[in-house]
Amino acid sequence: MYFDIAKKKAELLKQKKDVLILGIESSCDETSIAVVKNGREVLSNVIATQIEIHTRFGGVVPEVASRNHIMAFLNVLDKSLSDANVSLSDIDAIAVTYGAGLIGALMVGVSFAKSLAYALNIPLIKVNHIRGHMCANFICYKNLTPPFIGLIVSGGHTAIVEVKDYVNYDLIGSTLDDAIGESLDKVARVIGLGYPGGPKVDKRAKEGKYSIKFVKDSLSKTFDSSFSGLKTACINYVHNLEQKGKDIPVADICASLEHEAFTPLIEKAVRACKVKGYKTLCVAGGVSANSFLRENLTKKGEENGIKVYFPEMKLCTDNGAMIASMGYFNLMNNVGLTDINLDAVSNIPL
Ligand code: KG4
Ligand code: ZN
């Protein structure tokens, strides 16, 4: 019964002038709800971060994350509606991250979204978190439209994709082992920077220089990447110095790590544009906040006649606005409309 009505309402929304989508995100350690109009105009984007809670454990503790999502959701919803100056009855559809991510954390968001959609009797749209990240660019650049090449760099993913349209992606290359963000976070922990590592590596790298050669890219002729060798080489380097009782050159390690992690990726992303014939490259995911990547990829793009887009900082890391945006494009393209039996899935393909 619910789904029959939802299908009819979803059809009607395609003709509606303004469509308001409530986007719900809880795949890791940010509880976020946003209201977005027509996929690109953010009316509110409330993010309750759990960083402080997980810092003392040196990383995200899944069970703790799930519990904190439960406690945060109602307040985040209230603030998101009041920031947007709307009420629940103004919302046309609910979009929710159903994967990929921490299963318990995802389940909280999915259950919350299902209850809201059922109670309001409005369509529920499932969103792939990673594709959601790409939509941060559609929010920031109102005239940006596919097709283009996408570079996805996050805590769980590293991929180069051809974004053929809003809902069709072709995978060009991906990591064969660790994701880039995961490697930065692990090295950061070993050199004592703590959690979350990526932003701290970014900061410390600015005080250092590329003076340590860790590894050579063994996949330089392909579009795939590997970060586990680099991560292990960094960690071994640190342990070696510790055993000898020497100081750890934290800033130089950060600068060298960034250089060796990002330089091959930058070359591959630009090469993908050339091989596939694109002049536009959009970067997405938490690691797109990195200053080395932003500066050097923009420069490399300019040298090769490629315009490189990065989301604004607030939209680089996990947030509900990008999920609402993806929900809108899914809805308009007949993708992701789901019944109330939706399950969270920890691993889903891109
Ligand atoms: O996209 P995201 O928020 O979560 C996932 O979907 O995985 O990405 C989180 C990742 C973490 O690994 C974090 O360390 C990294 O993004 N990150 C950064 C920076 N800001 C966040 N890495 C490098 N430099 C940054 N400035
Ligand atoms: Zn993410």
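Numbers for residues simply follow the sequence, beginning at 1. Read the numbers this way: they start at 1 and go in the same order the structure lists the ligands and their atoms.
Heavy atoms only, all atoms of each residue included: His54 and Val60 are closest at ND1-CA, 3.6 Å. Residues Ala10 and Leu331 approach most closely at CB-CD1, 3.8 Å, considering heavy atoms. Nearest heavy atom pair, residue Ala65 against residue Cys28, reads CB-O, 3.8 Å.
In the model, Ser225 has no side-chain atom that pairs as donor or acceptor with a side-chain atom of Lys268 under 3.5 Å. Between the side chains of Ser226 and Asp177, at least one donor-acceptor pair of N or O atoms lies under 3.5 Å. Residues Tyr210 and Glu258 bring no donor and acceptor atom of their side chains to less than 3.5 Å of each other.
With a 4.0 Å heavy-atom cut-off, ligand 1 is reached by the side chain of Asp185 but not by its N, CA, C or O. Of all the heavy atoms of His133, the ones lying under 4.0 Å from any atom of ligand 1 belong exclusively to the side chain.
Within Asp318, OD1 is the N, O or S atom that lies nearest to the Zn ion (ligand 2).
Counting the atoms of ligand 1 from 1 in the order shown, those under 4.0 Å from a heavy atom of His129 are 6 (O). Ligand 1 places these atoms under 4.0 Å from at least one heavy atom of Gly156: 7 (O). Here is the list of ligand 1 atoms found below 4.0 Å of a heavy atom in Leu184: 22 (N), 23 (C). Close approach to Gly181 involves these atoms of ligand 1, each under 4.0 Å from a residue heavy atom: 12 (O). Counting the atoms of ligand 1 from 1 in the order shown, those under 4.0 Å from a heavy atom of Ala289 are 20 (N), 26 (N).
Taking the ring axis of Tyr195 as reference, the NZ or CZ atom of Arg189 does not stay both within 45° of it and closer than 6.0 Å to the ring centre.
Heavy-atom distances between Pro199 and ligand 1 reach below 4.0 Å in at least one pair.
Note that the CZ atom of Arg131 and the CZ atom of Phe329 stand 13.5 Å from one another [nearest 0.5 Å].
Of the candidates Ala284, Ser27, Gly155, it is Gly155 that places a heavy atom closest to atom 9 (C) of ligand 1. With Val153, Asp318, Val287 as candidates, the residue nearest to atom 15 (C) of ligand 1 on a non-hydrogen basis is Val287.
Remark: aromatic rings of Phe148 and Tyr309 are distant, center separation not under 6.0 Å.
The N/O atoms of Gly286, backbone and side chain alike, include one that comes under 3.5 Å of an N/O atom in ligand 1. At least one N or O atom of Asn290, backbone or side chain, sits closer than 3.5 Å to an N or O atom of ligand 1.
Of the protein's heavy atoms, Gly198 CA, 3.3 Å lies nearest to atom 22 (N) of ligand 1. Among all protein heavy atoms, the one lying closest to atom 26 (N) of ligand 1 is Asp202 OD2, 2.9 Å.
Among the backbone and side-chain atoms of Cys28, none of the N, O or S atoms lies under 2.8 Å from the Zn ion (ligand 2).
Atom NZ of Lys14 has more than 12 heavy atoms from other residues, nucleotides or ligands within 6.0 Å.
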